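All values derive from a computational prediction rather than experimental measurement.
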Amino acid sequence: MKYIPVIVILLFSKLSAQPLFQRLDTVKVYNFGNQLKNPWAGGFNFTEWSAVDIDLDGHKDLAVFDKSGEIIRIFKNDGIPGVSSYSHAAQFQSQMPTPISSWAFFQDYNNDTRQDLFTYTLGGGMCVYKNISTPGNVQFTLLTRATISNFLGGSGLTGTPVNAVAIPAVADIDNDGDLDALTFQSGGTKLEFHKNISIEQYGHLDSLRFDVVDYCWGDATENNCEATLNESTCPLMRLYNQAKKKETNTTNNTMHSGSCLLCLDIDGDNDEDLLLGDISCDSVEFFRNAGSLTNAHFDYTTKLFPNATNPISFKQFPCSYFLDVDNDGARDLIAAPNIVASENYKSVWFYKNNGPDNAPNFQFVKKTFLQEQMLDFGEGAFPTTLDYDSDGDMDLLVGNFGYYIPVSTYSTKLALLENTGTASNPKFNLVNPDYAGLSSLNLRNLAPATGDLDGDGDMDLIVGDANGRMTYYKNTAPIGSPANFVFESDFSTGILAGMDVGLNAYPQIFDVNNDGLKDLLVGEYEGWLNYYENRGTVTVPQFNPVVSHFGNVHTVVPGYFEGQSAPCMVRENGVTRVLVGSERGYIYRFGNIDGNLAGNFSLMDTIYCGIREGENVAPHLFDFDNDGLKDMVLGNYSGGLAYFKGTPNVIGIEENQAVYSDMVLFPNPANDVLNIKFNSFNNTDKTIRVYNAIGRQLLQVSTDEASYSLKLDNLQAGFYILETVSNIPNGKTYKSNKTFIKQ
C-alpha cells in the first residue's frame, strides 16, 4: 500500500449503504455563459502567495494560503510560456504538512530546488517543514518547530521574533547563498537583520541558524503607517563579527502589532529594497536601499507603489508577493489583503513585470487574478438546492456573509446557479448574483433553505441571517413556472414570529421526526442545533417552541468560541443521519437519531471523509447525476464551493457489512490516546493500522475486543488514516477506514 488518495478518493467507514465521495473539479460551471476554468477551487479571501514546484515537473506552481480556514490550495502551472494559466489541483491539498497556522510561504532554504514550507509556530517563531518530495511522492518533514536567533551582545539565543500577524521576509539579503530573515523588533518599530550563518559556520546551506547583526536595518523606522528615514537612534551594528550591545533606547518603540515584509531589487543595483505592509495601513510602503550588501540604508520611500496610477491599496493590511505567474522568466507582483474587514472579492491584484527580473517594471493588469475563474461569493458560501425554473433538475442557491464594499460595509446576496445540464450530467450557469433582490435587506450572513412548507408542490424559501433570525418567503408561482417568492413571515410576524437562535441562523427544512410534515433544523453561532417541530398540517405549518441543544450536538472545538453549526440532515434506506459543518472546518457526522429525538445523538465522525475545505463549512447533499447516490456541494468561508461526487462503497454491500465496518473514533482530534469503539457484535480478530497522508504505515496492532485505546505517543501532530481489517471466520475480511488528527 504505497499511496492513499485521501482527497481524490475520500474514505470513511459506512453504516447502511452510505457512499464514498470523490472530489470532482470537472463539473462545468459558467458565469453568464462564460465557462470558468476552476469553478470548484474554493474561493479566496485573505491570501498569501508562493511559487512551488509541487510535483517536480520543472514548472513553478502556485501555493495560496488563505487565512480564512488556514488552508493551502495548490494550482498547477499549465506550463504555457508567457501565459498565466493554472489548474486547481486538490489532490495536493491533503499532502501539505499540519498544523499550518496564521501565515505560510514556500522558500528553498537548502538550495536543493525543492521549496520548503515556512509557517508560524504557536507561541512565536518560524516553523519550517523540509520538502523531501520525489517525483510522484509529495512529502514534507518537520525541520524545526521554531528557528533560533542569536542576539549578539544582547539577550542571547531566542526564537526568531515573529508573531501570528508578522510575516518575515526570508531571502538571501547579503547575497552569500543562504536565506536570511528580516523581522521587526519584538515590540519595536525597527527592522532586525537576522543573518543566516550556515555558510560561515558549517560550510553548507542545509541549516537555518541566525545571528542578529543589525538592529535597525536600513536606518529607518515605521510606526502608525509613517516611515522615518535616517533614524538617529539606530545602532551601528553592521559587521558580522562586531559585537555591540543591543540598543536600549526606547524612542518610538511602540508595539508593532503586525506587518508583512518583501525583499526585492527594484532598481537593479544588486541590493535588496523593501516593500512593507502593515496591519493598520491601507497601502504598502516602498523603501529604496541606497546602501550596500553589508550596510543597508534607505534614502527614499513612497506609498504610491508600484505607481501613482494604480498603487496597491486595500482597506487593511495590504501585502505583496514577488513571483513569476506568467512563465516569462521575470517575477511579477501579486498583492492581496491579509486580514478580515478588507476586500474579500477583487482581492488578488496582478501587476505584470514588463522589465527584467532584477529591475522590474510593474504594470497593473487585474484585481481578480485566479478569482475570475472560480466561484467566489466574497466571505462565506452557504449552498442549497432549488428547482427555480421547474424543469425537473436541481439548481443551486448560494448565500454568503457578504461582499466587502469600501469603506467598511458589505453587500449580502443570494446567488442563483441554473442547472443547464441533464439528469445524469449536471452543469451550472451563474444567472443571477442577487436572486430575489435580498441585498436590499442589508442583512449579513444569509443562509438559505428550501422545501415545500405549504404542501402546494413547489419549494418555498427560508433565509437565516446574522441576527440569529429567519425570514420565510412563500413560492406563489403556478406549478411548472419559475419560482416567485413573496414575503410571508419573519421574527415579528407569522409562523416564524419570535424565533431567534442568537447569532447566525443556518436553517434546514427537513422532516426530522418522519411524520410527513416539514420541520425546521437550525444551526447557529455557538455550535448547537435547534429543532422546531411542525405540529400544523401539510398546508399550514405551525412550529412548536424550540428544542435547543437538540441531540446534544455541539461543534465548538476546545479553545475556541464559535461553532457555526450548519446542518444537513439526510435519510437513506430508512436511516437518519446529520452532517454538521463547523467554524473550524470539521464536518461532524451524527447517528442514533431515529427513535431518539429526545436523547443524545451518537458522534460517528468529527472529520467526515477527511475533508478539510477551510472554515465555516456548510455541506449540502443531493443526487445531481441521478445515479442513486447523493453528491455533496460544500461551501466555505473563503466564499467558494467544492463538489464531491457520491460513489459506491468499494467493499461492496453485504448483509453484515455494517457490523464489521462500524467504528467510532474519539476524541478526534486526539492527543496521546485515540479510542476506537467497534460495533458490539464485532467480536472477531481485528488488525488496526495507521497510515500517514501519503500512505506510509506507521503503526499496527491487533485486538478482538469491541473497543481499543490506541496510543499515539510516537506520532507527530498531523492528519492520519486509520484502517481496520476484521477477519471473519469464513475467511472473508472487511476493511474500514477513518481519518483522525493528532494534535
Side-chain angles (χ1 to χ4, degrees), residues 4-30 35-36 39-42 88 90-91 375 383-398 417-429 450-452 459 508-511 567-579 581 587 589 591 604-605 608-611 613 617-635 641-655 657-658 661 734-738:
I4 300 177
V6 293
I7 287 295
V8 179
I9 299 291
L10 296 159
L11 301 176
F12 74 102
S13 67
K14 73 179 186 64
L15 293 176
S16 303
Q18 301 220 27
L20 302 175
F21 281 98
Q22 178 182 2
R23 177 69 182 261
L24 198 63
D25 276 3
T26 58
V27 174
K28 294 179 179 179
V29 179
Y30 301 80
Q35 186 172 353
L36 302 179
W40 308 103
H88 182 227
Q91 67 270 26
L375 291 171
T384 191
T385 45
L386 166 71
D387 185 6
Y388 97 98
D389 50 4
S390 298
D391 65 352
D393 56 32
M394 279 296 181
D395 313 296
L396 281 174
L397 191 61
V398 186
L417 289 88
E418 179 185 0
N419 188 347
T420 60
T422 66
S424 59
N425 185 24
K427 59 182 178 181
F428 299 95
N429 185 25
T450 58
D452 186 4
M459 302 181 79
Q508 182 188 8
I509 301 172
F510 188 81
D511 184 2
C568 180
M569 186 170 277
V570 294
R571 185 171 290 117
E572 294 182 297
N573 301 320
V575 179
T576 305
R577 302 279 185 256
V578 63
L579 303 182
I587 304 176
R589 182 167 64 116
M604 303 168 67
D605 202 343
Y608 178 64
C609 293
I611 298 173
E613 279 295 309
V617 292
H620 186 80
L621 271 62
F622 184 80
D623 183 6
F624 286 104
D625 53 10
N626 200 30
D627 64 354
L629 296 169
K630 284 184 169 57
D631 312 300
M632 180 167 63
V633 174
L634 183 66
L641 301 176
Y643 186 98
F644 296 87
K645 174 179 169 54
T647 61
N649 192 309
V650 294
I651 305 173
I653 301 173
E654 302 182 22
E655 181 178 358
Q657 175 79 33
S661 63
Y734 290 92
K735 290 185 178 181
S736 184
N737 297 270
K738 278 189 178 246

* **Value rounded to 0.5 Å, distance of CZ in Arg571 from CG in Asp511** => 5.5 Å
* With distance as the sole test, does Trp40 use its side chain to make a donor-acceptor pair with the main-chain N or O of Leu24 at under 3.5 Å? -> no
* If you round to the nearest 0.5 Å, how far is CG of Leu621 from CZ of Phe21? -> 4.5 Å
* **Atom of Gly646, atom of Asp631 and distance for their closest heavy-atom approach** => N-OD1, 2.8 Å
* Asked: Just one of Asp395, Leu396, Val633 clears the side-chain contact (heavy atoms from CB on, under 4.5 Å) bar with Leu417, so which one?
  -> Leu396
* Asked: Under 3.5 Å, side chain of Asp387 to main-chain N/O of Gly392, donor-acceptor pair present?
  -> yes
* Which heavy atom of Glu613 sits nearest a heavy atom of Ala642, and at what distance? -> OE1-CB, 3.8 Å
* Asked: Would you say the side chain of Leu579 lies within less than 4.5 Å of the side chain of Arg577, judging by non-hydrogen atoms?
  -> no
* Taking the six-membered ring for Trp, are Phe624 and Tyr643 parallel (under 30°), tilted (30 to 60°) or perpendicular (over 60°)? -> tilted
* Asked: Taking the six-membered ring for Trp, are the ring centroids of Phe644 and Tyr608 within less than 6.0 Å of each other?
  -> no
* Spacing of NZ belonging to Lys630 relative to CD belonging to Glu572, to within rounding of 0.5 Å -> 4.5 Å
* Mind running side-chain contact (heavy atoms from CB on, under 4.5 Å) on Ile587 and Leu634 for me, showing each step along the way? => CA-CA 10 Å; Ile587 304 176; Leu634 183 66; 3.9 Å; yes
* **Separation of Cys568 SG from Arg589 CZ (nearest 0.5 Å)** => 13.0 Å
* Asked: Between CE of Met459 and CG of Leu397, what distance do you get to the nearest 0.5 Å?
  -> 9.5 Å
* Arg23 and Asp25: CA distance, side-chain angles, deciding distance, side-chain contact (heavy atoms from CB on, under 4.5 Å) verdict -> CA-CA 7 Å; Arg23 177 69 182 261; Asp25 276 3; 3.4 Å; yes
* If you take all heavy atoms of Asp393 and Gly421, which pair is closest and at what distance? -> OD2-O, 3.8 Å
* Asked: Of all residues at least two apart in sequence or in a different chain, which pass the side chain to side chain contact (heavy atoms under 4.5 Å, CB included) check with Asp627?
  -> Asp623, Asp625, Leu629, Lys645
* Structure fact -> Shortest non-hydrogen pair, Pro619 vs Val617, comes out as CD-O, 4.0 Å
* What is the distance from atom CG of Asn419 to atom NZ of Lys427, rounded to the nearest 0.5 Å? -> 9.5 Å
